[in-house]
There are 2 protein chains.
Amino acid sequence: MPDGTLKAQTADRVRTVAAMLEEEIVLGWLLPRERLVEEELAERLGVKRHVVREALAELERVGLVERIPNRGAVVRLLEPEEVRQIYSVREALETLAAEQIPLPVAPEVLAPLRALQQRHAEAVAAGDARGAFRANIRFHETLFRACGNPHLVELIQGLAQKVHGARSITAASPGHLALARDEHAAMVEALAGGDRGRLVALCRQHLGPSRDAYIAAVEARFVRPGGTA
Amino acid sequence: MPDGTLKAQTADRVRTVAAMLEEEIVLGWLLPRERLVEEELAERLGVKRHVVREALAELERVGLVERIPNRGAVVRLLEPEEVRQIYSVREALETLAAEQIPLPVAPEVLAPLRALQQRHAEAVAAGDARGAFRANIRFHETLFRACGNPHLVELIQGLAQKVHGARSITAASPGHLALARDEHAAMVEALAGGDRGRLVALCRQHLGPSRDAYIAAVEARFVRPGGTA
DNA sequence: GTCGACTGAATTGTTGACAATCTTGTCAAC
DNA sequence: GTTGACAAGATTGTCAACAATTCAGTCGAC
């Protein structure tokens, strides 16, 4: 077996398609309530319908799309209350992880973290929303992985993914991206300096802006007099 | 549409099959490393192979089975280290939830909880491991749901499910079942009495026995000199 | 006697076609 | 002008056959 990972198994393709759709949702190319037709996506992304089907099922499980039997899938619109609840759990988990990171942090954590921080900063400077999104994800993954508990990391990532649909407001906003960039720099500093209190506080602060921006946007745009959605 | 939930969609059947297999794993009918052949399961459970396939994929995501490409699925054997990590996160999350339950607890929470506690006690008395397992799950779900954050509850349930494969030791043991029964009673008491400190302590204690029993069993039975598994 | 290659059986992975279901547009009746 | 039924189109849900892969046992060479 000389290829190894070379051959693209179905499972890998499903993950790839799910990731592509996720990005399109996060970056606001696919808007809430927009229909996701299996056959159309299959053709556009160059895969079989079965692959798209599984990818949509995955995104439904994660909470990014909504699937109605015999009717198809649409990009899900997150309720403000739901977003608040998710962020409150995120805060607890990320705090927990930050408290368990051994300090002073190991160089093999710090070095890649600095590299990712820089990549994020470059993407922000270039106005590359997609690059910033990807670097941002990897930055946080690397950071929290340092806590030593992969299951905790998995939960944190899952929750972050759940609210990806609520990030199209901030994911492309230069102001928010610049703020995130600066906060990342501060986190790295706190890690390097062994200042746990600051690190934990930064992690907590870091969550606020995107949550508040989304809630404000939804309540301004979607709430109709007398209605709940 | 006069039937509503009457018609059995594929998604429902997948969930059902997954739940059946999960129970068989928890109760020790299916042992670690035991093969799970799609066609055989499809015939035994009276569904199409495609349904079994998706159910196995679901159980793989959850962490109860392991699937190797072109080779099939087997019941997964959890590493002691992994079990420790999962239980440590469970402890944190369940503590968090217990701390957020409004006290004194609402009657519409307490009443069903007492009913489930009794059902569990009856199953234990009757030596009905499956009944005890089901009542136990619903008891904890009802308890933690009272914290008001469905996403936190979902995480707690997911983690509990992840270690279901590690529960075949305690799920059928009269001693452990009796202990769980008594602890449930104490939890209800603490809830009714508004004693949050006791409730939190009980939730934490409650996790210990099954974790320790599993780790002890695995390390006694499966560790070979010089090997890691 | 041991090692390596080969063949056959078992199992999963993939595909395309068909059936069931829902939505939209049209038209007639009130 | 509005409402209801009806038909056509679009979309998902289901299935069974076929292809690809892996494993176990056997046979032959050294």
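Residue numbers start from 1 in every chain, and the chains themselves are labelled A, B, ... in the order their sequence lines are given, proteins ahead of strands.
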Inset, instruction - Using the test side-chain hydrogen bond (donor to acceptor under 3.5 Å, both in side chains), find all partners of B/Tyr214 that sit at least two apart in sequence or belong to another chain. - result: none
Inset, instruction - Just jot down the side-chain hydrogen bond (donor to acceptor under 3.5 Å, both in side chains) partners of B/Glu22, sequence neighbours excluded, or say none. - result: B/Gln161, B/His164
Please tabulate, one pair per line, all N/O donor-acceptor pairs under 3.5 Å involving side-chain atoms of residues 127-139 of chain A, not counting sequence neighbours.
| unit_1 | atom_1 | unit_2 | atom_2 | d |
| --- | --- | --- | --- | --- |
| A/Asp128 | OD1 | A/Arg130 | N | 3.3 |
| A/Asp128 | OD1 | A/Gly131 | N | 2.9 |
| A/Asp128 | OD2 | A/Gly131 | N | 3.4 |
| A/Arg130 | NE | A/Glu23 | OE1 | 3.4 |
| A/Arg134 | NE | A/Glu23 | OE2 | 2.5 |
| A/Arg134 | NH2 | A/Glu23 | OE1 | 3.2 |
| A/Arg134 | NH2 | A/Glu23 | OE2 | 3.2 |
| A/Asn136 | OD1 | A/His140 | NE2 | 3.2 |
| A/Asn136 | OD1 | A/His184 | NE2 | 3.2 |

Legend entry - Any residue of residues 14-22 of chain B with a heavy atom less than 4.0 Å from an atom of DNA chain D: none
Salt bridge (charged side-chain N to carboxylate O under 4.0 Å, His left out) with [X]: which residues, sequence neighbours excluded?
X	result
B/Glu34	none
A/Glu82	A/Arg76
A/Arg15	A/Asp12
A/Arg67	A/Glu38, A/Glu60

Legend entry - Quiz item: cation-pi between B/Arg90 and B/Tyr87, 6.0 Å / 45°: yes
Inset, instruction - Please state how far atom CD1 in B/Ile68 lies from atom C1' in C/dT12, giving the value in whole angstrom units. - result: 12 Å
Inset, instruction - Could you check how far CZ of A/Arg35 sits from C1' of C/dT24, rounded to whole Å? - result: 11 Å
Legend entry - Where at least one partner belongs to residues 152-176 of chain A, residue pairs that pass salt bridge (Lys or Arg N to Asp or Glu O under 4.0 Å), sequence neighbours excluded: A/Glu154-B/Lys162, A/Lys162-B/Glu154
Inset, instruction - Give every residue pair that meets the salt bridge (Lys or Arg N to Asp or Glu O under 4.0 Å) criterion with at least one member in residues 206-217 of chain A, sequence neighbours excluded. - result: none
Legend entry - Strand contacts (DNA chain C) in residues 39-61 of chain B, 4.0 angstrom heavy-atom criterion: B/Arg49, B/Arg53
Legend entry - Nucleotide nearest A/Asn70 (side chain, heavy atoms from C-beta), chosen from C/dG13, C/dC22, C/dT11: C/dC22
Inset, instruction - Check whether any side-chain N or O of B/Arg71 sits under 4.0 Å from OP1 or OP2 of D/dT21, and answer yes or no. - result: no
Legend entry - Dot-bracket line, read 5' to 3' along DNA chain C, where crossing pairs take [ ] and | marks a partner on another strand, Watson-Crick or G-U under 3.5 Å: ||||||||||||||||||||||||||||||
